[in-house]
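Since the structure is predicted, the reported quantities are computational estimates derived from the model, not experimental observations.
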Amino acid sequence: DSSYGGFFSLHSSFLFGQGTTKQIGILDNNGYLVWYSADGSLRMDLRYSEDFSKFHFRQGGNGIAIIDLDTNMLAIDTLLEPAGMTFDTHEDLVLSNGNRIVIGREDTIMDLSAFTFNGIPGQANQIVRANLILEFDPWNNLVFEWKSTDYIHPSEFITGFTYNVNGFDYLHANAVEVDDDGHLLLSGRHTSTIYKIDRSTGGVIWRFGGSL
């Protein structure tokens with residue numbers, strides 16, 4: 001029904017190679033389209049930050065930019081990927097102090113020859129996709145960086161998910177959130193685990209789920 005008085009932000013999605021574009025839009029409480037962007041580019045995850053009266057979304061596939069819009073849907077700022085890092089497509093969290101937390105990724109080389117994944121021996125020079133938690137201040141300066149391979153080993157990977165010897169996405173972080181005490185909660189899809197991460201040391205405080 002139409003008892004909800006707000007709006008819904010969304011993006012269209014094409015999975016498994018069925019399309020190369022995603023479009024963002026806003027629906028009213030009756031489900032009618034009131035705004036959309038359809039310029040042929042890859043745009044996703046339109047969100048609204050009530051604290052700062054701005055929208056934000058991610059644009060691009062290989063090389064992602066995060067774009068802020070004012071309430072007239074005009075671009076007011078762009079956050080580009082730091083050198084050597086890639087933004088993931090899963091998270092762009094704007095905090096009450098104006099900082100933002102983004103999930104990123106970075107390939108690294110690890111010796112996983114002592115482990116077996118889905119019945120396949122690991123490689124001595126395995127390309128491993130590390131997930132990053134990146135925090136930026138309101139002026140887009142990087143103020144915090146966390147790398148999953150420093151604290152979460154690929155052996156936590158759950159059998160049954162895809163093991164790619166040419167790029168091992170062992171964690172596949174889907175979401176990050178700031179807990180009430182200021183530490184971070186991270187969801188790892190391919191380890192079936194929620195991690196609580198110390199925001200000062202980067203260490204894992206506790207795990208919920210997984211194989212350990």
Side-chain angles (χ1 to χ4, degrees), residues 9-15 17 19-26 35-109 127-152 166-178 182 184-189 197 199 202:
S9 63
L10 75 158
H11 71 251
S12 60
S13 181
F14 298 90
L15 297 177
T20 57
T21 63
K22 293 183 180 181
Q23 309 304 335
I24 52 177
I26 299 174
W35 179 87
Y36 72 98
S37 171
D39 67 349
S41 65
L42 187 66
R43 294 180 169 187
M44 66 202 89
D45 200 20
L46 177 67
R47 303 187 184 193
Y48 180 67
S49 173
E50 189 171 3
D51 288 340
F52 300 97
S53 300
K54 68 178 181 180
F55 294 89
H56 47 107
F57 68 94
R58 291 189 298 276
Q59 178 168 289
N62 296 318
I64 294 175
I66 297 175
I67 299 175
D68 291 342
L69 307 173
D70 63 18
T71 52
N72 293 314
M73 311 311 286
L74 300 175
I76 54 175
D77 196 12
T78 300
L79 174 61
L80 300 176
E81 296 166 330
M85 302 177 188
T86 302
F87 288 155
D88 196 81
T89 59
H90 283 99
E91 191 67 273
D92 171 27
L93 184 66
V94 176
L95 308 182
S96 60
N97 65 353
N99 286 12
R100 72 195 316 150
I101 294 179
V102 180
I103 291 178
R105 59 181 187 263
E106 182 180 61
D107 285 346
T108 188
I109 301 295
I127 300 174
V128 176
R129 173 167 290 177
N131 275 129
L132 310 172
I133 300 176
L134 305 172
E135 182 174 355
F136 299 87
D137 67 18
W139 301 274
N140 295 338
N141 299 306
L142 183 62
V143 295
F144 175 81
E145 177 185 347
W146 180 89
K147 186 175 181 178
S148 65
T149 48
D150 292 336
Y151 304 97
I152 301 171
N166 297 314
F168 187 18
D169 183 16
Y170 80 98
L171 179 62
H172 196 92
N174 269 345
V176 64
E177 186 61 79
V178 180
L184 300 172
L185 298 174
L186 179 71
S187 169
R189 178 176 184 265
I197 297 168
R199 210 164 172 184

**Request:** Please report the C-alpha distance between Phe55 and Ser49 in whole Å, then the side-chain angles of each, then the deciding distance to 0.1 Å, and finally whether the side chain to side chain contact (heavy atoms under 4.5 Å, CB included) criterion is met.
**Result:** CA-CA 6 Å; Phe55 294 89; Ser49 173; over 6 Å; no

**Distance in Å, Asp107 CG paired with Phe168 CZ, rounded so as to fall on 0.5 Å steps** = 12.5 Å

**Message:** Please report the interatomic distance CG(Leu95) to CD(Glu135), rounded to the nearest 0.5 Å.
**Reply:** 5.5 Å

**Asked** Is the shortest heavy-atom distance from the side chain of Arg47 to the side chain of Val94 under 4.5 Å?
**Response** no

**Message:** I'd like to know if the side chain of Tyr170 and the backbone of Ile152 have a donor-acceptor N/O pair within less than 3.5 Å.
**Reply:** yes

**Complete:** All heavy atoms of Asn97 vs all of Asn99, minimum pair found to be OD1-N, 2.9 Å

**Prompt:** Should we count OH of Tyr36 as having more than 12 external heavy atoms under 6.0 Å?
**Reply:** no

**Message:** Do the side chains of Arg100 and Asp77 get close enough for a salt bridge, i.e. N-O under 4.0 angstrom?
**Reply:** no

**Message:** When you measure from the side chain of Asn72 to the backbone of Leu74, do you find a donor-acceptor pair of N or O atoms at a distance under 3.5 Å?
**Reply:** no

**Message:** Could you report the tightest heavy-atom contact between Asp88 and Ile64, atom names first, then the distance?
**Reply:** O-CD1, 3.9 Å

**Message:** If you compare all heavy atoms of Leu93 against all heavy atoms of Val176, which two are closest, and at what distance to 0.1 Å?
**Reply:** CD2-O, 3.7 Å

**Item:** Heavy-atom side-chain contact between Ile197 and Trp146 under 4.5 Å
**Value:** yes

**Request:** Kindly determine whether His172 and Asn174 satisfy side chain to side chain contact (heavy atoms under 4.5 Å, CB included), including the steps that lead there.
**Result:** CA-CA 6 Å; His172 196 92; Asn174 269 345; 3.3 Å; yes

**Request:** Could you tell me the separation between the CG atom of Leu80 and the CD1 atom of Ile66, rounded to the nearest 0.5 Å?
**Result:** 9.5 Å

**Item:** Considering all heavy atoms, the nearest Asp45-Asp92 contact
**Value:** OD2-N, 4.5 Å

**Message:** Would you say that Thr108 contacts Lys147 through its side chain, given a criterion of any heavy-atom pair below 4.5 Å between the two side chains?
**Reply:** yes

**Spacing of Thr78 atom OG1 and Gln59 atom CD [to the nearest 0.5 Å]** = 8.5 Å

**Message:** Using every non-hydrogen atom in the two residues, find where Ser148 and Leu171 come nearest and quote the distance to one decimal.
**Reply:** CB-CD2, 3.6 Å

**Complete:** OG1 of Thr89 to CZ of Arg58, rounded to nearest 0.5 Å, is 6.0 Å

**Asked** Can Asn131 and Leu186 be said to form a side chain to side chain contact (heavy atoms under 4.5 Å, CB included), step by step?
**Response** CA-CA 10 Å; Asn131 275 129; Leu186 179 71; 5.7 Å; no

**Request:** Give a yes or no on whether the backbone of Leu46 and the side-chain of Ser9 come within a donor-acceptor separation of less than 3.5 Å.
**Result:** yes

**Asked** Has the side chain of Arg43 got a donor or acceptor atom that lies under 3.5 Å from a matching backbone atom of Ile24?
**Response** no

**Message:** Can you classify the ring geometry of Phe87 versus Phe136 as parallel (below 30°), tilted (30 to 60°) or perpendicular (above 60°)?
**Reply:** perpendicular

**Complete:** Taken to the nearest 0.5 Å, the spacing of Leu142 CG from Leu134 CG works out to 5.5 Å

**Item:** Check against side chain to side chain contact (heavy atoms under 4.5 Å, CB included), Val128 and Ile109
**Value:** CA-CA 6 Å; Val128 176; Ile109 301 295; over 6 Å; no

**Asked** Salt-bridged, Glu81 to Arg105, with N to O below 4.0 Å?
**Response** no

